[in-house]
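Inspection log for the structure reproduced underneath, given as structure tokens.
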Amino acid sequence: MKQPNFIVVLVDDLRCDEFGAGGHPYMKTPHIDRLAEEGALFERAFHTTPICSPNRASIMTGQYASRHGIIDNVARDAMSHRLANYHGELQKLGYETAHIGKWHMGNDGKPRPGYDHWISFDGHGRIENPKLNINGAYEQRSGYITDLLNGFAIEFLERRRSKPFALFLAHKAVHPDAFQAADGTLDMANQGGYLPAERHRDLYKGSVFPRLPNMLPAAQVVKQKPVWAEPFQLRQSEKARVLLESIHAGTQEEIRLRAAMMASVDEGVGMLLEALERKGELERTLIVFLGDNGYFFGEHGLGPERRFAYEAGIRSPFAVRFPPLVKAGANRRELVICQDIAPTLVELAGGKPGAQIQGASLVPLLAGRKPRAWRKSFLIEYWAEQALPWLVGMTYKAVRTERYKYIHWVNRGRSGELDELYDLDQDPWELKNRISSAAHARVRARLRRELQRLVPEALDL
């Protein structure tokens, strides 16, 4: 098989159910749905540090945040120029590589190693009339950011080339306009909110996202999750209120605005498919569609606190289309993590994933097989940071297996009394914390041992 082309489409803050094939009740995403219908939909794909910068670095490196060192949204600019990025390996294997869109591992939008073509912006950028860094030079552009990025992606695809290509298209959508300082703090007075393209502003007016069983008021949440008592109290401050109101947090309007922002993302996926068909490259191009972290619509009393290990925070949309390998309409239930992308692409390009990569190649799963040694558990890790001032000391380490989840709050509680344990088969909405259940004592002990194994393994030497 000739070396395939690669396109990775990454959407900022997208929940696993925020597209049609993912189960959204009213959002229309026919082109993204086509990827799932003509490829594989991974129903249990996860982020291991569910915030922007660390998880993007995990996608690029195939490593846990413990290893690559981008552990939060602090501007580690120099460090992000030195990541063991899989695009550098693809270049060595003869690929023309491009990054188009949000980088946000370090706040500067300047070109990183590993790319022949570069278009990005500083920090979170701006939704309208952004200032872009195009191959090293900053240029002011007019227009809507998603439309601009879609256009740049099509321009890249339509170039004449003798090499295979690898395009990483990282949308700013569905993230609201925001300003984040180099120390990771958000400017509470400079939050612009969600902004769909003008043509989509009223697309879902009046639509209603149904209330889920775990969309609960804070007073009820803390009965099972006592660690949240202090954050919920601190969230009553004026600074917190300004931020939450700017994005309509926890309301139907927030969900509608995000859905409307996805309309232009879906249009772009359609444009990619059309351009590939026009050039006769569609069948030899592997396309991956995913998000960089989840989001809460009120589950467990949460909203933009997407950093936490509950399912809506850690699960990712994950669809892969590649007809030479992937049977159309495949649904996979294995535990997949974002670190699996790097070794998959390197292997399909004809290379051998390096020893520094901690993910596992998805090639057997894409081909319809299940390796005997496929993972039965994975680590979720988060380090307390300053972006949201009501989240103080909320560092955790968690393990998720096929059935259970155990969350250990590193600096909260003396003896793990604030920890959380969920039986996801019996309690998929994570409503009943079993940490003190005598019936779950053996499960609790086993998961603690598994966490003790996974934490040093993530650091690795």
Are any of the side-chain nitrogens in K225 or E430 under 4.0 Å away from the carboxylate oxygens of its partner? no

What residues, two or more places apart in sequence or in another chain, satisfy ring-ring contact (aromatic ring centres under 6.0 Å, His included) together with Y295? none

Expected output: side-chain T97 to main-chain G114 donor-acceptor under 3.5 Å: yes

Test side chain to side chain contact (heavy atoms under 4.5 Å, CB included) on Y138 and K110; report intermediate values, then the result. CA-CA 9 Å; Y138 282 97; K110 298 173 184 175; 3.8 Å; yes

Donor-acceptor contact below 3.5 Å, side chain N150 vs main chain T146: yes

Say whether, by atom type as modelled, one donor and one acceptor occur between the side chain of Q236 and the main chain of F232 under 3.5 angstrom. yes

Does a donor on one side chain sit under 3.5 Å from an acceptor on the other, for D116 and Q91? yes

CG of L14 to CG of D292: how many Å apart, nearest 0.5 Å? 9.0 Å

Taking all atoms of both residues into account, what is the closest heavy-atom pair of P353 and V346, and its distance? N-CG1, 3.9 Å

Using a strict 4.0 Å threshold on nitrogen-to-oxygen distance, state whether R258 and D12 make a salt bridge. no

Side chains of N293 and D13: is there a donor and an acceptor less than 3.5 Å apart? yes

List in chain and number order the residues that pass salt bridge (Lys or Arg N to Asp or Glu O under 4.0 Å) with D266, two or more places apart in sequence or in another chain; answer none if no residue qualifies. none

Those residues that, when tested against D122, pass salt bridge (Lys or Arg N to Asp or Glu O under 4.0 Å) (two or more places apart): none

Heavy atoms of K370 and L365 approach each other most closely as CA-CD2, 4.0 Å

State whether E311 and R15 are salt-bridged, where the test is any N-O pair (Lys NZ or Arg NE/NH1/NH2 against Asp/Glu carboxylate O) under 4.0 Å. no

Side chains of H68 and S58, donor plus acceptor under 3.5 Å: yes

Provide the full list of ring pair (Phe, Tyr, Trp, His ring centres under 6.0 Å) pairs with a residue in residues 316-366, sequence neighbours left out, each pair given once. F42-F318

State whether R307 and E385 are salt-bridged, where the test is any N-O pair (Lys NZ or Arg NE/NH1/NH2 against Asp/Glu carboxylate O) under 4.0 Å. yes

Test: R278 and E158 ion pair at under 4.0 Å: yes

Is a side-chain N or O of Q3 found less than 3.5 angstrom from the main chain of L348, in a donor-acceptor match? no

Only counting residues at least two apart or in another chain, list the ones meeting ring-ring contact (aromatic ring centres under 6.0 Å, His included) with Y194. none

Below 30° counts as parallel, above 60° as perpendicular, anything between as tilted: where do the rings of F46 and F378 land? tilted

Compare every heavy atom of L203 with every heavy atom of A263, then report the nearest pair and how far apart it is. CB-CD2, 3.7 Å

L459 backbone acceptor or donor facing S66 side chain under 3.5 Å: no

Check step by step if ring-ring contact (aromatic ring centres under 6.0 Å, His included) holds for W118 and W103. CA-CA 10 Å; W118 177 270; W103 178 257; 5.4 Å; yes

Do R400 and S377 have side-chain atoms, one donor and one acceptor, less than 3.5 Å apart? no

Under 3.5 Å, is there a donor-acceptor pair between the side chain of K405 and the main chain of V399? no

Sequence neighbours excluded - salt bridge (charged side-chain N to carboxylate O under 4.0 Å, His left out) pairs with any residue from residues 240-249: E238-R241, R241-E245

Answer yes or no: is there a donor N or O on one side and an acceptor on the other, between the side chain of N129 and the main chain of G143, under 3.5 Å? yes

Evaluate ring-ring contact (aromatic ring centres under 6.0 Å, His included) for W383 paired with Y396, printing each intermediate quantity in order. CA-CA 7 Å; W383 292 260; Y396 68 80; 9.1 Å; no

Polar contact flag, side-chain donor to acceptor under 3.5 angstrom, N133-S120: no

d(I341 CD1, I357 CD1) to nearest 0.5 Å is 11.5 Å

SB check R321 E37 (cutoff 4.0 Å): no

Got a salt bridge between R34 and E277, using NZ or NE/NH1/NH2 to carboxylate O under 4.0 Å? yes

Short side-chain to backbone donor-acceptor contact, R256 and T251, under 3.5 Å: no

Gap between atom SG of C52 and atom NZ of K102 - 0.5 Å precision: 4.0 Å

Residues in ring-ring contact (aromatic ring centres under 6.0 Å, His included) with F289, at least two apart? F19

Is it true that the side chains of N214 and E299 contain a donor and an acceptor less than 3.5 Å apart? no

For Y26, ring-ring contact (aromatic ring centres under 6.0 Å, His included) partners two or more places apart: H24, Y204

Which residues pass the side chain to side chain donor-acceptor pair (under 3.5 Å) test with Q63, not counting sequence neighbours? none

Do I51 and N73 make a side-chain contact, defined as non-hydrogen atoms from C-beta onward lying under 4.5 Å apart? yes

Between R332 (side chain) and A40 (backbone), is there a donor-acceptor pair under 3.5 Å? no

List in chain and number order the residues that pass side-chain contact (heavy atoms from CB on, under 4.5 Å) with R369, two or more places apart in sequence or in another chain; answer none if no residue qualifies. P364, A367

Minimal non-hydrogen separation, A166 against L90, with atom names: CB-CD1, 3.6 Å

So, for F308 and F296, is the gap between ring centers shorter than 6.0 Å? no

Crowding at NZ, K279 (>12 non-hydrogen neighbours, <6.0 Å): yes

Kindly compute the distance separating CD (E18) from OG1 (T29), expressed to the nearest 0.5 Å. 10.5 Å

Distance in Å, T285 OG1 paired with N5 CG, rounded so as to fall on 0.5 Å steps: 4.0 Å

Could you pull out all residues at least two apart from K397 that satisfy salt bridge (Lys or Arg N to Asp or Glu O under 4.0 Å)? E381

What's the shortest heavy-atom distance between G291 and P317, and which atoms? N-CG, 3.7 Å

Under a 4.0 Å threshold between the charged nitrogen and the carboxylate oxygen, would R141 count as salt-bridged to E128? no

Between P389 and A387, which heavy-atom pair has the shortest distance, and what is it? CD-O, 3.7 Å

E334 and R375 ion-paired at < 4.0 Å: no

Can you pull out every ring pair (Phe, Tyr, Trp, His ring centres under 6.0 Å) where at least one residue sits in residues 146-172? Sequence neighbours excluded, please. H87-F168, H99-F168, H117-F156, F156-F165

Drop me the distance from R56's CZ to T61's OG1, to the nearest 0.5 angstrom. 13.5 Å

If we ignore hydrogens and angles and just use 3.5 Å, is the side chain of R199 paired with the main-chain N or O of A197 as donor and acceptor? no

